[in-house]
Enquirer: 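The structure under discussion is supplied below as structure tokens; questions concerning it will follow.
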Amino acid sequence: MASFVENTQHKVERKAFEIMTNSIVGKLTKTDDIAKRQETFLELIDKAETFWGNGADKATLDKVREYVKNPENRWVKFVNRVLDETNPNYAKKFLLNLGYEAFFRGTKTIRANREKYNCNIPWLILFDPTDACNMHCVGCWSGTYGHKNNMSYEDMDKIVTQGKELGTYLYFMTGGEPTVRKNDILKLAEKHNDCMFGLFSNSTLIDEELCKKIVELGNITFLLSIEGTPETNDGRRGDGHYAAVMKAMDLLKQYGIIFGTSICYTRANVEAVTDEKFLRFIADKGARFGFYFHYMPVGQNAAPELMPTLEQREEIIKKIRWVRTGDNDIGFFPMDFQNDGEFVGGCIAGGRNYFHINAQGDAEPCVFIHFSDSNIHDKSILEMLQSPLFKAYHEGQPFNRNHLRPCPMLENPKLLREMVNKTGAKGTNAEAEETVEHLCSKCDHYAEEWGPVADRIWAEQKHKKAPYENYTEEKREHPELAAFEHADGSDGLRDEDLQ
């Protein structure tokens, strides 16, 4: 529990940062003069370095300064584009909550609490306000849950209140369709106006009234589900969904709200959702960032035949990383949940960087892994993170030193079997409880086939060890303990992996 002195210091610091943010955003949005904006960007970097103090990554900040000094840099143009199209009041709150609370102050607090409590403390908490959804997408477990489970406003408030005590100021919501509970979500965002909230949404309930309220609050963003062309999208999500996404994008752009996309790539749509024309199209519609999710065969309603082929997965790695280079001018920044493990140290679940609480209140290590040994109704957030299942994650990460094989389910299924069986975690799938054996059996063959392909790709790439990984001391000192199996029985580690 934060002390009175800590709370007072936080309020004073936030107010100072708010004044600085308002000044900087004001300068940036009131001019389109490149030289003046460059000067303001450099001022912001200097202030960020001062705030971080000894914890500042000077090499990275110096690199950012070099980018800013080049007006033709792709990402400088990208930031200027975001500034030009974002509502100024929304931009101020977005920067204050995501920049100061989540990135700066939140990260410091989280790292200190990881040492204090000897467990994972997340940067982000994902929770489901409801299981209810007005759609029934092929292969989605949520569409079969029905409308029976809804998280109370009090439980949502409890999650955010306790999360903030640990340093977590970023909250994403999924479901179900979270906007089914939009009134309670707006109430939550208004009470916790120091947090940033992101809603994974099917777009169908986004209207002008909602957009006006979000501009007023300034601390809600959306990740809209879309899967390529009208044909590939509506083929899985149903007739009329593509048109609903287009309407929502137009509204969010009109009101100056920053938003992104949530794209599940499958064997049927992977080419469509990574096509350059599609990426340029959604960028023109106003989407500035997006998460790509590998299809996971979760639940009795799963369709394993939708899992991408090995060739498709290798190709999407190349395409997503190309989009993030300076070799193109696409105004969109994609992140690949399954293939970007190297940049976040492998699996981020189990509270290492995030975890999930379903609409029944069960704490699940990952939104795709429906097993739990804790519930918000009888445990605090900290107690959940210290539970046997979450501690097993903490002690097991990274599950593979090849971060193209990060997941204990999809690429290392024997490890998920071990953790669930060892901790006695129970299945939480609301449609019909799925045993860990049933779930992992759908991944065994895929993991076996993907392993050598991933190892070849990994060996061909250059890797740099992150300065901060959030592994246990034992895993940091003995990286060979992380599972890394090869057909020849070797551990696959190279000298540069140990440096």
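Computed from a predicted model, the values in this text were never measured in an experiment.
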Enquirer: Does K285 reach the side chain of M246, with side-chain heavy atoms less than 4.5 Å apart?
Expert: yes
Enquirer: Side chains of T428 and Q360: do they bring a donor and an acceptor to under 3.5 Å?
Expert: no
Enquirer: Using side-chain heavy atoms (C-beta onward) and a distance below 4.5 Å, is F371 in contact with M419?
Expert: no
Enquirer: For H370 and E434, which I'm curious about, is there any donor-acceptor pair between the side chains at under 3.5 Å?
Expert: no
Enquirer: Under the 3.5 angstrom rule, does the side chain of D207 hit a backbone N or O of L210 as a donor-acceptor pair?
Expert: yes
Enquirer: Apply side-chain contact (heavy atoms from CB on, under 4.5 Å) to F197 and V160, showing your working.
Expert: CA-CA 10 Å; F197 297 91; V160 178; 4.1 Å; yes
Enquirer: Is the backbone N or O of T107 less than 3.5 Å from a side-chain atom of W123, with the two atoms forming a donor-acceptor pair by type?
Expert: no
Enquirer: Do N269 side-chain atoms and C264 backbone N/O form a donor-acceptor pair below 3.5 Å?
Expert: yes
Enquirer: For A359 and D131, which heavy atoms make the closest approach, and how far apart are they?
Expert: CB-OD1, 3.6 Å
Enquirer: What are the two closest heavy atoms between C119 and L385, and how far apart are they?
Expert: CB-O, 3.8 Å
Enquirer: Do N412 side-chain atoms and L415 backbone N/O form a donor-acceptor pair below 3.5 Å?
Expert: no
Enquirer: Tell me, with the steps shown, if T174 and H356 meet side-chain contact (heavy atoms from CB on, under 4.5 Å).
Expert: CA-CA 9 Å; T174 182; H356 177 239; 4.2 Å; yes
Enquirer: Output, in order, the C-alpha distance, side-chain angles, deciding distance and verdict of side-chain contact (heavy atoms from CB on, under 4.5 Å) for V245 and H241.
Expert: CA-CA 6 Å; V245 182; H241 177 254; 3.4 Å; yes
Enquirer: Hey, are the side chains of W458 and R401 touching, using non-hydrogen atoms and a 4.5 Å cut-off?
Expert: no
Enquirer: Strictly below 4.0 Å, N to O, side chains only: are D284 and R81 in salt-bridge contact?
Expert: yes
Enquirer: Strictly distance-based, threshold 3.5 Å: is any side-chain N or O of R288 a donor or acceptor partner for the main-chain N or O of I258?
Expert: no
Enquirer: Using a strict cut-off of less than 4.0 Å between a Lys/Arg side-chain nitrogen and an Asp/Glu carboxylate oxygen, indicate whether E115 and R111 qualify as a salt bridge.
Expert: no
Enquirer: Determine the interplanar angle of the F399 and Y393 rings, folded into 0 to 90°, and report it as parallel if under 30°, tilted if 30 to 60°, perpendicular if over 60°.
Expert: perpendicular
Enquirer: Would you please indicate yes or no on a ring centroid separation below 6.0 angstrom for H394 and Y117?
Expert: no
Enquirer: If you look at every heavy atom in C347 and P406, which pair is closest and at what distance?
Expert: CB-O, 3.4 Å
Enquirer: What are the two closest non-hydrogen atoms of L199 and T179, and how far apart are they?
Expert: CD2-CG2, 4.0 Å
Enquirer: Atom OH of residue position Y67 - does it have more than 12 heavy atoms of other residues, nucleotides or ligands inside 6.0 Å?
Expert: no
Enquirer: For the atom pair OG (S380) and CD (Q162), what is the distance rounded to the nearest 0.5 Å?
Expert: 5.5 Å
Enquirer: Sub-3.5 Å donor-acceptor pair from the side chain of N113 to the main-chain atoms of L166, do we have one?
Expert: yes
Enquirer: Are the side chain of D362 and the backbone N or O of S372 linked by a donor-acceptor pair below 3.5 Å?
Expert: no
Enquirer: Measure from the side-chain N and O atoms of H438 to the backbone N and O of Q300, and report whether any donor-acceptor pair falls under 3.5 Å.
Expert: no
Enquirer: Testing the basics here: between L188 and M173, what is the closest heavy-atom pair and its distance to 0.1 Å?
Expert: CD2-CE, 4.0 Å
Enquirer: Is any side-chain heavy atom of N118 closer than 4.5 Å to a side-chain heavy atom of Q386?
Expert: no
Enquirer: Atom CE in M307, atom CE in M296: separation rounded to 0.5 Å?
Expert: 8.0 Å
Enquirer: Classify the angle between the aromatic ring planes of Y471 and H403 as parallel (below 30°), tilted (30 to 60°) or perpendicular (above 60°).
Expert: tilted
Enquirer: Angle between ring planes, Y292 versus Y265, binned at 30° and 60°: parallel, tilted or perpendicular?
Expert: tilted
Enquirer: Do Q397 and N120 pass the side chain to side chain donor-acceptor pair (under 3.5 Å) test, and can you show the C-alpha distance, the side-chain angles, and the key distance before you say yes or no?
Expert: CA-CA 10 Å; Q397 290 162 328; N120 282 331; 3.3 Å; yes
Enquirer: By the definition ring-ring contact (aromatic ring centres under 6.0 Å, His included), identify the one residue from Y171, F172, F222, F259 that meets it with F200.
Expert: F172
Enquirer: What's the verdict on side-chain contact (heavy atoms from CB on, under 4.5 Å) for E315 and T274, showing C-alpha distance, side-chain angles and the deciding distance?
Expert: CA-CA 9 Å; E315 187 61 25; T274 56; over 6 Å; no
Enquirer: For the residue pair F78 and F333, is the inter-centroid distance of their aromatic rings smaller than 6.0 Å?
Expert: no
Enquirer: About how many Å separate CG of L224 and OG1 of T204, when rounded to the nearest 0.5 Å?
Expert: 10.5 Å
Enquirer: In terms of side-chain geometry, is the basic nitrogen of E449 or R313 positioned less than 4.0 Å from the acidic oxygen of its partner?
Expert: no
Enquirer: Strictly by modelled atom types, are N150 and T130 linked by a side-chain donor-acceptor pair under 3.5 Å?
Expert: yes
Enquirer: Strictly distance-based, threshold 3.5 Å: is any side-chain N or O of E411 a donor or acceptor partner for the main-chain N or O of C407?
Expert: yes
Enquirer: Is it the case that atom NE2 in H445 sees more than 12 heavy atoms from other parts of the structure closer than 6.0 Å?
Expert: no
Enquirer: Any salt bridge between D336 and R324, counting N to O under 4.0 Å?
Expert: no
Enquirer: Please round to the nearest 0.5 Å and tell me the distance separating atom CG of L98 and atom CZ of F103.
Expert: 5.0 Å
Enquirer: Report yes or no: does W75 contribute a side-chain atom to a donor-acceptor pair with the main-chain N or O of G326 at less than 3.5 Å?
Expert: no
Enquirer: Should R74 and N328 count as side-chain neighbours, where that means a heavy-atom distance under 4.5 Å?
Expert: yes
Enquirer: Any salt bridge linking R280 with D329? Criterion: basic side-chain nitrogen under 4.0 Å from a carboxylate oxygen.
Expert: yes
Enquirer: Between NZ of K158 and OG1 of T161, what distance do you get to the nearest 0.5 Å?
Expert: 10.5 Å
Enquirer: With heavy-atom distances below 4.5 Å as the criterion, would you say the side chains of N429 and L439 are in contact?
Expert: no
Enquirer: Locate the shortest heavy-atom distance separating D373 from S387; write the atom from each residue and the value.
Expert: OD1-OG, 2.9 Å
Enquirer: Taking NZ, NE, NH1 and NH2 as the nitrogens, is one of them in D455 or R405 under 4.0 Å from a carboxylate oxygen of the other?
Expert: yes
Enquirer: Can you find a pair of side-chain heavy atoms, one from I316 and one from Q338, that are under 4.5 Å apart?
Expert: no
Enquirer: For the CD1 atom of I125 and the OH atom of Y354, what is their distance to the nearest 0.5 Å?
Expert: 12.0 Å
Enquirer: Can you find a heavy atom in the side chain of C195 that is under 4.5 Å from one in the side chain of K164?
Expert: yes
